[in-house]
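Taking it in order: structure first as structure tokens, then the write-up.
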Amino acid sequence: MTSSTLARYTFVMALFEQSSERREREREMRALGRLPPGQSLTLKWPVLHEGSVPQFNPQAWDFRVFGLVETPLRLSWQEFSSLPQSEVLADMHCVTRWSRFDNHWGGVLATELMRGVKLRPEARHVMVHAEQGYTSNLPLVDFLRPTTVFALRHDGQPLAPEHGYPLRLVVPHLYAWKSVKWVRGIELIDRDLPGFWEENGYHIYGDPFKEQRYSA
């Protein structure tokens, strides 16, 4: 066994530990229809992302809503974190085949953020922009679902830097690469353009229950 193969084996074994609690919980989620095909339940929260963990400077940080809007919006960290906040209970499914259930997210709903934004009629899609030039795409109707949230907290605690602190977009009904870490803005566009992972072979939409992992 090569060193890289051994490392991957060790990671998988740690992620899907063979405890009775994990096995029972996985059977329960499968019976309830909450475990998508090809997924396995984990009790952990793996750290997977492209690039390094960025530094957060609250004085320099801002959030932008731009593109096909009547008036672009720019919020400071104080302004964004002072918006009305809500709680969302949702599952998370990663394209790498793990699922983590009943995550408690706290933050600003996408619908709340967009309450004062007037869209131009041709706006149909969203390009999410994050630190280090990372992007991911969403149809506008998916972005505006009531469970889409800009999370500041997870399970009652502030997000850890490796999980997206200070702000992570969470889109629970799609694979987790759409739940963008270190998000800095959204761009309203008129067509479905690929983001970073979509340009690198991932599916343009990413429905876990249809196993839309990769582009055809």
Side-chain angles (χ1 to χ4, degrees), residues 7-8 10-17 19 21-22 25-26 29 34 36 39-64 75-110 112-113 128-136 138 143 145 147-186 195-197 202 206 208:
R8 177 173 175 78
T10 303
F11 170 78
V12 170
M13 292 302 292
L15 182 59
F16 304 121
E17 60 182 54
S19 67
E21 178 187 3
R22 193 201 71 81
R25 181 79 167 145
E26 183 171 279
M29 292 299 101
R34 290 173 59 184
Q39 297 291 110
S40 295
L41 180 145
T42 182
L43 301 176
K44 303 178 184 296
W45 193 10
V47 176
L48 297 166
H49 55 80
E50 174 67 20
S52 59
V53 176
Q55 297 294 312
F56 171 54
N57 180 349
Q59 283 71 45
W61 190 95
D62 63 1
F63 186 95
R64 298 173 60 215
L75 299 172
S76 67
W77 172 246
Q78 182 176 354
E79 289 170 331
F80 191 99
S81 57
S82 297
L83 291 173
Q85 297 186 19
S86 302
E87 303 293 319
V88 172
L89 179 66
D91 304 332
M92 175 173 270
H93 309 293
C94 183
V95 71
T96 59
R97 299 186 181 275
W98 58 261
S99 292
R100 192 180 192 277
F101 291 88
D102 295 323
N103 299 275
H104 291 260
W105 302 100
V108 179
L109 295 176
E112 178 63 41
L113 172 69
V128 184
H129 293 265
E131 298 281 3
Q132 302 174 356
Y134 181 88
T135 56
S136 191
L138 287 170
F143 176 71
R145 281 198 182 196
T147 52
T148 302
V149 59
F150 290 93
L152 296 94
R153 299 177 302 282
H154 178 264
D155 287 350
Q157 299 296 320
L159 285 174
E162 65 271 20
H163 286 301
Y165 174 84
L167 190 68
R168 179 175 190 162
L169 176 65
V170 177
V171 188
H173 67 285
L174 300 179
Y175 278 124
W177 86 79
K178 300 286 187 178
S179 293
V180 178
K181 299 180 183 182
W182 312 300
V183 63
R184 292 292 300 272
I186 60 162
F196 175 83
W197 282 116
Y202 280 20

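All figures in this text were calculated on a predicted structure; none of them were measured in a lab.
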Distance col, row Ser136:OG vs Leu174:CG, nearest 0.5 angstrom, shows 9.0 Å

Please step through side-chain contact (heavy atoms from CB on, under 4.5 Å) for the pair Ser40 and Glu26, ending with a clear verdict.
CA-CA 7 Å; Ser40 295; Glu26 183 171 279; 3.6 Å; yes

Residues in side-chain hydrogen bond (donor to acceptor under 3.5 Å, both in side chains) contact with Thr147, at least two apart in sequence or another chain
none

Taking the basic N atoms (NZ, or NE/NH1/NH2) and the acidic carboxylate oxygens, is any pair closer than 4.0 Å for Arg25 and Glu21?
no

Within a strict 4.5 Å, meaning less than it, do heavy atoms of the Val108 and Val149 side chains meet?
no

Say you draw a straight line from CG of Leu83 to CZ of Phe63; how long is it, rounded to the nearest 0.5 Å?
9.5 Å

Any sub-3.5 Å donor-acceptor pair from Gln132's side-chain atoms to Ser52's backbone N or O?
yes

Excluding sequence neighbours, so at least two apart, what forms side-chain hydrogen bond (donor to acceptor under 3.5 Å, both in side chains) with Glu162?
none

How about His129 and Thr135: does a side-chain donor come under 3.5 Å of a side-chain acceptor?
no

Thr148 vs Leu109, test: side-chain contact (heavy atoms from CB on, under 4.5 Å). Steps then yes/no.
CA-CA 6 Å; Thr148 302; Leu109 295 176; over 6 Å; no

Considering only heavy atoms from C-beta outward, does the side chain of Val170 approach that of Val88 to under 4.5 Å?
no

Side chains of Pro161 and Val53, heavy atoms from C-beta outward: is any pair under 4.5 Å?
yes

Working for side-chain contact (heavy atoms from CB on, under 4.5 Å), residues Leu113 and Phe150:
CA-CA 9 Å; Leu113 172 69; Phe150 290 93; 3.5 Å; yes

Is any side-chain heavy atom of Phe143 closer than 4.5 Å to one of Ile186?
yes

Listed by chain and number, what are the ring-ring contact (aromatic ring centres under 6.0 Å, His included) partners of Trp77, not counting sequence neighbours?
Phe56, Trp61

So, for Arg153 and Ser86, which heavy atoms are closest and what is the spacing to 0.1 Å?
NH2-O, 4.3 Å

Just so I know, are the side chains of Pro36 and Ser99 near enough to count as touching, which here means a heavy-atom distance under 4.5 Å?
yes

Below 4.5 Å, heavy atoms only, C-beta onward: do Thr42 and Arg22 meet side chain to side chain?
no

If I compare all heavy atoms of Ala176 with all of Met92, which pair ends up nearest, and what's the gap?
CB-CG, 3.9 Å

With heavy-atom distances below 4.5 Å as the criterion, would you say the side chains of Tyr134 and Trp197 are in contact?
yes

Measuring from Trp177:CH2 to Thr96:OG1, what's the distance to the nearest 0.5 Å?
11.0 Å

When the ring planes of Trp45 and His163 are compared, do they come out parallel, tilted or perpendicular, using 30° and 60° as the limits?
parallel

Does the pair Tyr175 and Gln39 meet the rule for a side-chain contact (heavy atoms from CB on, under 4.5 Å), with working shown?
CA-CA 11 Å; Tyr175 278 124; Gln39 297 291 110; 4.1 Å; yes

Non-hydrogen atoms of Lys181 and Ala130 that approach each other most closely:
O-CB, 3.4 Å

Between CG on residue Leu159 and OH on residue Tyr165, distance to nearest 0.5 Å:
9.5 Å

So which atom in His173 and which in Pro208 form the shortest heavy-atom distance, rounded to 0.1 Å?
O-CD, 3.2 Å

Can you tell me how far the CG atom of Leu41 sits from the NE2 atom of His93, to the nearest 0.5 Å?
10.0 Å

Could you check whether Ser76 and Gln59, counting side-chain N and O atoms only, form a donor-acceptor pair closer than 3.5 Å?
no

Side-chain ion pair, Asp91 and Arg34, N-O less than 4.0 Å
yes

The reported gap from CG in Leu152 to CZ in Arg168 (rounded to nearest 0.5 angstrom) is 13.0 Å

